[in-house]
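Read the structure below first, then the notes.
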Amino acid sequence: MRLTSIAVALAPKRFVHLNLQGRGNPLTSPSSFRCWTRAFSGRSDDYREKLRNGFLQDMKLDDAVGLFSEMVKSRPFPSIIDFSKLLTAIAKLKKYDVAISLGEKMQKLGISHNIYTYNILINCFCRSSQLPLALGMLGKMMKLGYDPNVVTLSSLLNGFCRCNKISDAVALVDQMVEMGYQPDKVTFTTLIHGLFLNNKVSEAVALVDRMVEKGCQPDLVTYGAVVNGVCKRGNIDLALDLLTKMEKGNIEVNVVIYNTVIDGLCKYKHVDDALNLFNEMENKGVRGNVVTYNSLISCLCCYGRWSDVSRLLSDMIERKSTPMFLLLVH
DNA sequence: CTAGGGTTAG
């Protein structure tokens, strides 16, 4: 009797907790909850409503493919805008191959692409490091009379960087300028990230200043790339400077950026510096998450600072952000 | 009325 009640008290909690990690859980996600209730009420809505209802924001790949087949069955065909939205959502799931094959299906069905969907597909090829296919797609697009725009070129830039063709990437930016395109902050951020990927650290950092000179203000994404790049390489002082710059520029420093720097401080500096930054961040109203605690706790464990460890662990428990498995690991 | 950039721990 006692054992049973303990099991009942513990097991579902653990189960629910692990379950909540997944996407699209009906208990946690409003949109799949809607679909779930719809399925049970026997009503089916057409693709239009799904595209409108935030279905795309919280969707599994199967849902996306299902939606696509629903879309290609309807007559007249949905607009290219609707297909763009779906392909974008699939690309955000990083299922580039799926987006590409659905794009091919569209063409076989006689649904022609426009500059938007071509750009999505080019981006998918670039992000999966299939640069030749991206260039092939570019050729097709141009044959149909669509000139590459700044979005196309930024995507290609990413493709060159990811294929270790950094000098081609830089040349592409020059070519862009010659063609009369103004590189924007996305272009610059892409190139900065690409320079880090190719270990050109000082060039990457210098490019931030150059983009300011060109009138492009770095944003959270730009700084995210730079902070991550310098922390990975142990230049934590520079990362701290960047945090100050962000604050001066009124750019919100989010928990991911703080976590990056805190982890860098743990690895390359002193764990006390990391704890101080953690306090500072919380004082500014940015709450630590499980990643923050994991960085700090595992570092404190290395130094045998058990009283700090237990303090942080009870913090975590108080905040109810404690995955059980962590307690077991430590 | 759609498309391009960064993401931390174990």
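To find a chain, count down the sequence lines: A is the first, B the second, and so on, and within it residues start at 1.
Among the nucleotides B:dG5, B:dG6, B:dT2, the one closest to the side chain of A:T189 is B:dG5. Which of B:dT2, B:dT7, B:dG6 sits closest to the side chain of A:T88 comes down to B:dT2. Taking the side chain of A:I120 as heavy atoms from C-beta on, and the options B:dT8, B:dA3, B:dG6, the nearest nucleotide is B:dA3. Among the nucleotides B:dT2, B:dG6, B:dT8, the one closest to the side chain of A:V221 is B:dG6.
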Practice problem: Walk me through it: do A:E104 and A:K108 pass the test salt bridge (charged side-chain N to carboxylate O under 4.0 Å, His left out)? | Solution: CA-CA 6 Å; A:E104 278 167 4; A:K108 277 183 196 147; 5.3 Å; no
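OP1 and OP2 of B:dG4 both lie 4.0 Å or more from every side-chain N or O belonging to A:N158. OP1 or OP2 of B:dG6 sits under 4.0 Å from a side-chain N or O of A:H193. The shortest distance between the side-chain N/O atoms of A:N254 and the OP1/OP2 oxygens of B:dT8 is not below 4.0 Å.
Spacing between atom CZ of A:R127 and atom P of B:dG4 amounts to 9 Å, rounded to whole angstrom units. Separating the CZ atom of A:R162 from the P atom of B:dG6 is a distance of 5 Å, rounded to the nearest angstrom. Rounded to an integer number of Å, the gap from CZ of A:F125 to P of B:dG4 is 15 Å. As rounded to whole Å, 5 Å separates atom C1' of B:dT8 from atom CG of A:N259. One atom, CD of A:E252, and another, C1' of B:dG6, lie 14 Å apart when rounded to the nearest Å. Here B:dG4 presents its C1' atom at 11 Å from OH of A:Y96, a figure rounded to the nearest Å. Atom CG in A:L195 sits about 13 Å away from atom C1' in B:dG5, given to the nearest Å. Computed from coordinates, the A:L67 CG to B:dT2 P distance equals 18 Å when rounded to whole Å.
You'll find a donor-acceptor pair under 3.5 Å spanning the side chain of A:D184 and the base of B:dG4, going by distance alone. A donor and an acceptor atom sit less than 3.5 Å apart, one in the side chain of A:T222 and one in the base of B:dG5. At a cut-off of 3.5 angstrom, counting only N and O atoms as typed in the model, there is no donor on one side facing an acceptor on the other between the side-chain of A:S155 and the base of B:dG4. With hydrogens and angles left out, the side chain of A:N149 and the base of B:dA3 share a donor-acceptor pair within 3.5 Å. The base of B:dG6 lies outside donor-acceptor range of the side chain of A:D219, with no N or O pair under 3.5 Å. For B:dG4, the base has a donor-acceptor partner in the side chain of A:T187 [N/O atoms by modelled type, under 3.5 angstrom]. The base of B:dG5 has none of its N or O atoms less than 3.5 Å from a complementary donor or acceptor on the side chain of A:T190.
Here A:S154 lies in heavy-atom contact (under 4.0 Å) with a base. Counting any heavy atom pair closer than 4.0 Å across all strands shown, A:K267 reaches sugar-phosphate atoms only and no base atom. Within the 4.0 angstrom heavy-atom criterion, no nucleotide atom of any strand lies near A:I192. Residue A:V150 is in base contact, counting any heavy-atom pair closer than 4.0 Å across all strands shown.
In this structure, A:K60 does not pair ionically with A:D62, as no charged nitrogen and carboxylate oxygen lie closer than 4.0 Å. Salt-bridge annotation for A:R48 and A:D82: absent, with no side-chain N of the basic residue lying under 4.0 Å from a carboxylate O of the acidic one.
No side-chain heavy atom of A:V186 sits less than 4.5 Å from a side-chain heavy atom of A:V221.
With A:S154 contributing its side chain and A:V151 its backbone, the two residues share no donor-acceptor pair below 3.5 Å. Proximity of a side-chain donor or acceptor of A:N289 to a complementary backbone N or O of A:T292 within less than 3.5 Å is detected.
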